[in-house]
Amino acid sequence: MSSETAPQQLLSTDENPEWYSYCCSELSKVNPSGGRLDGMRAILTRAAWMWDNGRTITVGFVAPAPGTAVQQAKVQEVVKEWERHANLKFRFIPNGNDAEIRVSFQTNNGSWSYIGNTALQIAKPNPTMNYGWVYSTPGITDNERGVILHEFGHAIGYLHEHQSPRRGERLTLNEPVIIEYYRRTQNPPWDEAKTRANVLNVYSRAEVSNFSAIDFTSIMMYFMPANFNLQGINIPPNNRLSAIDKAYAFLNYPFLIGAQSTDPSVTILSALNAAGVTGPSRANIALEYIEGDWRGLRAEFTRWTLNQRAASATAETEA
């Protein structure tokens with residue numbers, strides 16, 4: 001970037017918490033299937049990339065940086081939070097080279113993950129996930145908890161919430177500031193193309209059709225200092241699952257009758273209420289749940305979100 005286009009309002013070191021220097025790349029080598037289950041939700045999950053419900057996914061730690069026992073324990077502990085809300089199990093195995101999700105801790109390679117079951121297409125023993133800032137110090141910091149939840153959010157099928165096509169309803173990005181920021185803060189530095197791919201580009205409605213309102217509190221939301229957008233809205237990094245994160249996790253990976261979460265508050269009713277599903281769609285989803293059909297439940301939930309999008313588009317046209 002030339003000096004003529006360099007931003008004038010970069011954050012100072014004092015204004016820039018450590019976490020703000022870290023960003024993750026979501027990686028996938030699979031094209032969308034175009035099926036009715038593909039789509040965009042409040043946290044942008046692609047159904048074609050999600051795992052089968054109730055599946056046990058093997059996880060292991062691999063070279064070139066398999067991590068210390070402390071680092072590994074942090075990951076093993078934090079992922080239990082996703083297991084409380086999504087009917088999935090992460091089984092850590094001794095030989096990480098044989099695992100489906102293969103975790104590395106390369107400090108000079110950022111934090112990133114392949115999306116959902118696209119990890120199965122990555123040749124073993126190559127990593128499918130990396131943590132550049134989960135450390136061997138005692139205790140799990142809020143930042144470490146946030147990045148572990150975030151990357152495993154990718155691993156179960158979630159995309160970046162900042163890339164929602166409804167982002168434009170509330171935020172207009174300050175592109176020159178953002179491009180320069182990621183150039184100077186990432187290791188290795190991101191060029192303009194990578195920043196556009198990971199931050200600036202909004203997924204087209206033709207590519208991803210199923211979405212609802214943006215959730216600024218989602219664990220999948222990129223941080224955004226106020227000078228990243230023209231509205232001056234500050235979005236701090238999120239280190240906990242939001243109510244919508246939890247609800248969509250359940251409705252995509254439901255604990256059907258006979259498969260209860262370890263948290264008794266996690267139920268079909270709590271998920272429907274948090275997601276805001278009402279009317280006939282709520283009844284249809286409840287029926288699929290009672291019948292034990294997770295595929296049907298996922299399809300009904302997708303149909304509801306598509307209807308929400310259509311209603312929003314109509315309102316925009318009439319406004």
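Counting begins at 1 with the first residue of the sequence. When reading the values below, keep in mind they use all heavy atoms of this one structure, side chains included, and skip hydrogens, waters and symmetry mates.
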Next on the checklist: Could you go through R240 and D245, starting from their C-alpha distance and side-chain angles, then the distance that decides it, and tell me whether this counts as salt bridge (charged side-chain N to carboxylate O under 4.0 Å, His left out)?
Outcome noted: CA-CA 9 Å; R240 296 289 188 275; D245 288 334; over 6 Å; no
Checklist entry - In chain order, what residues pass the salt bridge (Lys or Arg N to Asp or Glu O under 4.0 Å) check against E100, with sequence neighbours excluded? => result R55
Checklist entry - Between the side chain of N53 and the main-chain N/O of P254, is any donor-acceptor distance below 3.5 Å? => result yes
Item to check | Value rounded to 0.5 Å, distance of CG in N239 from CG in L149 | outcome: 8.5 Å
Checklist entry - Can you find a heavy atom in the side chain of I140 that is under 4.5 Å from one in the side chain of E77? => result yes
Checklist entry - Do the side chain of T118 and the main chain of Y114 share a donor and acceptor less than 3.5 angstrom apart? => result no
Item to check | Pairing residues for T267 by the side-chain hydrogen bond (donor to acceptor under 3.5 Å, both in side chains) criterion, not counting sequence neighbours | outcome: S270
Item to check | Pair listing, ring-ring contact (aromatic ring centres under 6.0 Å, His included) test, anchored in residues 260-290, at least two apart | outcome: none
Item to check | Distance-only donor-acceptor check, side chains T68 and S136, under 3.5 Å | outcome: yes
Checklist entry - Got a salt bridge between E192 and R196, using NZ or NE/NH1/NH2 to carboxylate O under 4.0 Å? => result yes
Checklist entry - Got a donor-acceptor contact below 3.5 angstrom from the K74 side chain to the G139 backbone? => result yes
Checklist entry - Minimum heavy-atom separation for V70 to Y135, with atom names? => result CG1-O, 4.2 Å
Item to check | Separation between CZ of R91 and CD1 of I93, rounded to the nearest 0.5 Å | outcome: 6.5 Å
Item to check | Smallest separation among heavy atoms of L88 and W51, with atom names | outcome: CD2-CB, 4.2 Å
Next on the checklist: Any heavy-atom pair between the side chains of W133 and E144 that's under 4.5 Å?
Outcome noted: no
Item to check | Spatial distance of atom CD1 (I244) from atom CE (M221) [nearest 0.5 Å] | outcome: 14.0 Å
Checklist entry - Is K246 reaching over with its side chain to a backbone N or O of H85, donor-acceptor style, under 3.5 angstrom? => result no
Checklist entry - If you round to the nearest 0.5 Å, how far is CG of L256 from CD1 of I290? => result 11.0 Å
Item to check | Sub-4.5 Å side-chain heavy-atom contact between I268 and I285 | outcome: yes
Checklist entry - When clusters are formed by joining ILVMFWY residues with side-chain heavy atoms under 4.5 Å apart, either directly or through shared neighbours, do I57 and L120 land in the same one? => result yes
Item to check | Co-membership, hydrophobic cluster, residues V62 and I101, 4.5 Å side-chain | outcome: no
Item to check | Full working for side-chain contact (heavy atoms from CB on, under 4.5 Å) between T195 and I178 | outcome: CA-CA 8 Å; T195 299; I178 294 172; 3.9 Å; yes
Item to check | Check: N284 side chain, E300 main-chain N or O, donor-acceptor pair, under 3.5 Å | outcome: no
Item to check | salt bridge (Lys or Arg N to Asp or Glu O under 4.0 Å) partners for E81, two or more places apart | outcome: R84
Next on the checklist: Could you check whether any side-chain heavy atom of N229 comes within less than 4.5 Å of a side-chain heavy atom of T172, counting everything from C-beta outward?
Outcome noted: no
Next on the checklist: Once salt bridge (Lys or Arg N to Asp or Glu O under 4.0 Å) is applied, do any residues pair with E291, and if so which ones, sequence neighbours excluded?
Outcome noted: none
Checklist outcome for this item: Checking W82, W304, F301, Y158 against Y248 for ring pair (Phe, Tyr, Trp, His ring centres under 6.0 Å), the one that qualifies is F301
Checklist entry - If only atom types and distance count, is the side chain of N252 paired as donor or acceptor with the main-chain N or O of A249 below 3.5 Å? => result no
Item to check | Nearest heavy-atom neighbours spanning M129 and A155 | outcome: CE-CB, 3.7 Å
Checklist entry - Is it true that the side chains of N143 and T141 contain a donor and an acceptor less than 3.5 Å apart? => result no
Checklist entry - Heavy atoms, side chains only, cut-off 4.5 Å: are D98 and T58 in contact? => result no
Next on the checklist: Tell me whether the count of non-hydrogen atoms from other residues, nucleotides or ligands lying under 6.0 Å of CD in Q76 goes above 12.
Outcome noted: yes
Item to check | L173 side chain near F228 side chain, heavy-atom distance below 4.5 Å | outcome: no
Next on the checklist: Could you check whether any side-chain N or O of Q72 sits under 3.5 Å from a backbone N or O of P66, counting only pairs where one atom can act as donor and the other as acceptor?
Outcome noted: yes
Item to check | Closest approach of I219 to N238 (non-hydrogen atoms, all atoms of both residues) | outcome: CD1-O, 3.2 Å
Next on the checklist: Given the ring of Y253, does R298 sit roughly above its face, with NZ or CZ under 6.0 Å from the centre of the six-membered ring and within 45° of the axis?
Outcome noted: yes
Checklist entry - Checking N130 side chain against Q106 main chain: does a donor-acceptor pair fall under 3.5 Å? => result yes
Next on the checklist: Using side-chain heavy atoms (C-beta onward) and a distance below 4.5 Å, is I148 in contact with V134?
Outcome noted: yes
Checklist entry - Would F250 and L297 satisfy side-chain contact (heavy atoms from CB on, under 4.5 Å), going step by step from the backbone distance to the final call? => result CA-CA 11 Å; F250 184 100; L297 193 160; 5.7 Å; no
Next on the checklist: Is the shortest side-chain heavy-atom distance between L272 and L251 below 4.5 Å?
Outcome noted: yes
Item to check | Stepwise salt bridge (charged side-chain N to carboxylate O under 4.0 Å, His left out) check, K80 with E83 | outcome: CA-CA 5 Å; K80 294 176 183 177; E83 291 180 328; over 6 Å; no
Checklist entry - When you measure from the side chain of R102 to the backbone N and O of A99, does any donor-acceptor pair fall under 3.5 Å? => result yes
Could you pull out every donor-acceptor pair under 3.5 Å between side chains of residues 276-283 and any protein atom, sequence neighbours left out?
unit_1, atom_1, unit_2, atom_2, d
R282, NH1, N273, OD1, 3.0
R282, NH1, V277, O, 3.0
R282, NH2, N273, OD1, 2.8

Checklist entry - Which word best sums up how the rings of H150 and H154 line up, parallel for under 30°, tilted for 30 to 60°, or perpendicular for over 60°? => result perpendicular
Checklist outcome for this item: In short, R145 meets V78 closest at the heavy-atom pair O-CG1, 3.8 Å
Item to check | S261 versus F255, closest heavy-atom pair with distance | outcome: N-CD2, 3.6 Å
Next on the checklist: Taking P127's backbone N and O only, do any of them form a donor-acceptor pair with S104's side chain (distance below 3.5 Å, no angle check)?
Outcome noted: no
